[in-house]
Amino acid sequence: MSRASRTTLRFRHPPRSGPTVVERVVRLVGRVVVGLLALMALWLPGLVWFSSSMPSQTPLPTPSTEAVVVLTGGSERLRTALDLLERGAAERLFISGVHPGTGLDALLAEVRPSLPAELRGRIELGHVAADTVGNAIETAVWARDRGVASLRLVTAGYHMPRSLLEFHAALPDVDIVPHPVFPDNVKQDDWWRYPGTTVLFATEYTKFLVAHLRLMLPDRPRAAVAEGQALP
């Protein structure tokens, strides 16, 4: 082979200096996929634990507490909270997360329109909270202003673990008694057989993890509540 031919071959096949853009993208995608699979391997057992650790029975209305707090999100919750108030399980009822502009009469119209006036006078509404974090902070402000030292928390069973996490963080000195309710459309037994319940539990478990991680970081609004300062 002549010198000119060898020069031409070297020109047509230059030495590679590193991976191409396509190769780099493939490697990056591969690493992301491996990372997601590793996270899923940890997340799935956690979901099973979370689902199995949910409360499965409605507790007795004892011991009594100073207040019942119910988080809006279903008529079963409000109906249960009103039953507790009527039974004397608490002296007052606080409904957190009520839509702005909605009054007590509108709330009671569907579940207990004939509630006696004496009991109506022991119900207060919170119109600020828009999520579980807001429920906890709104309730903390309300409980602090009224000197409430114990409360019974009413919400759905699947929502109770995250609610307790937020409420214990916002009200560290208040005794909180969980009182879960169980909506008929949530199939807690054999939940993996029902796509709707599976998605609900998976979403709630992910939110529970996010809340747990967030509460490990400094939280100024919570500190303000604990110190008795007004929220911004």
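All values below come from the heavy atoms of this structure, side chains included, with hydrogens, waters and symmetry mates left out.
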* To do: Spell out, as yes or no, whether a donor-acceptor pair under 3.5 Å connects the side chain of E138 to the backbone of H127.
  => yes
Salt-bridge present (E86, R112; N to O < 4.0 Å) = yes
The reported gap from OG1 in T72 to CG in N135 (rounded to nearest 0.5 angstrom) is 6.0 Å
Review point. What about V68 and I95, same hydrophobic cluster or not, with Ile/Leu/Val/Met/Phe/Trp/Tyr joined at side-chain heavy-atom distances under 4.5 Å?
Key: yes
Output for pair (Y194 OH, N185 CG), nearest 0.5 Å, gives 12.5 Å
message: For residues L119 and F94: do they belong to one hydrophobic cluster (side chain heavy atoms under 4.5 Å, members Ile, Leu, Val, Met, Phe, Trp, Tyr)?
response: no
Checklist entry - Do side-chain atoms of R77 reach the backbone of V154 as a donor and acceptor pair under 3.5 angstrom? => result no
task: Examine distances only and state if a side-chain atom of T155 and a backbone atom of L71 form a donor-acceptor pair shorter than 3.5 Å.
output: no
Practice task
Ignoring hydrogens and angles, tell me if any N or O in the side chain of R92 forms a donor-acceptor pair with the backbone of V69 under 3.5 Å.
Solution key: no
Is it the case that atom NE2 in H168 sees more than 12 heavy atoms from other parts of the structure closer than 6.0 Å? yes
Of all heavy-atom pairs linking V48 and W191, the shortest is CA-CZ2, 4.4 Å
Salt-bridge criterion met for E166 and R214 (N-O under 4.0 Å):
yes
If Ile, Leu, Val, Met, Phe, Trp and Tyr residues are connected whenever their side-chain heavy atoms lie under 4.5 Å apart, and connections chain through other members, are V186 and F50 in the same group?
yes
When Y158, Y205, F201 are each screened for side-chain contact (heavy atoms from CB on, under 4.5 Å) with S51, the one that passes is F201
Margin query: Using side-chain heavy atoms (C-beta onward) and a distance below 4.5 Å, is P180 in contact with P59?
Written below: yes
>> Quick one: does any side-chain atom of E204 pair with a main-chain N or O of M160 as donor and acceptor, under 3.5 Å?
In response: no
Rounded to the nearest 0.5 angstrom, the CD1-OG1 distance for I137 and T132 is 11.0 Å
#### Entry: Greater than 12 external heavy atoms within 6.0 Å of D145's CG
yes
Applying a strict under-4.5 Å side-chain criterion to I, L, V, M, F, W and Y, I'd like to know whether V141 and L125 cluster together. no
Rounded to the nearest 0.5 angstrom, the NZ-CG distance for K207 and L209 is 12.5 Å
message = Contact between L153 and P178 at the side-chain level, heavy atoms closer than 4.5 Å - yes or no?
response = no
### Query
Same hydrophobic cluster for V181 and V111, using side-chain heavy-atom links shorter than 4.5 Å among ILVMFWY?
yes
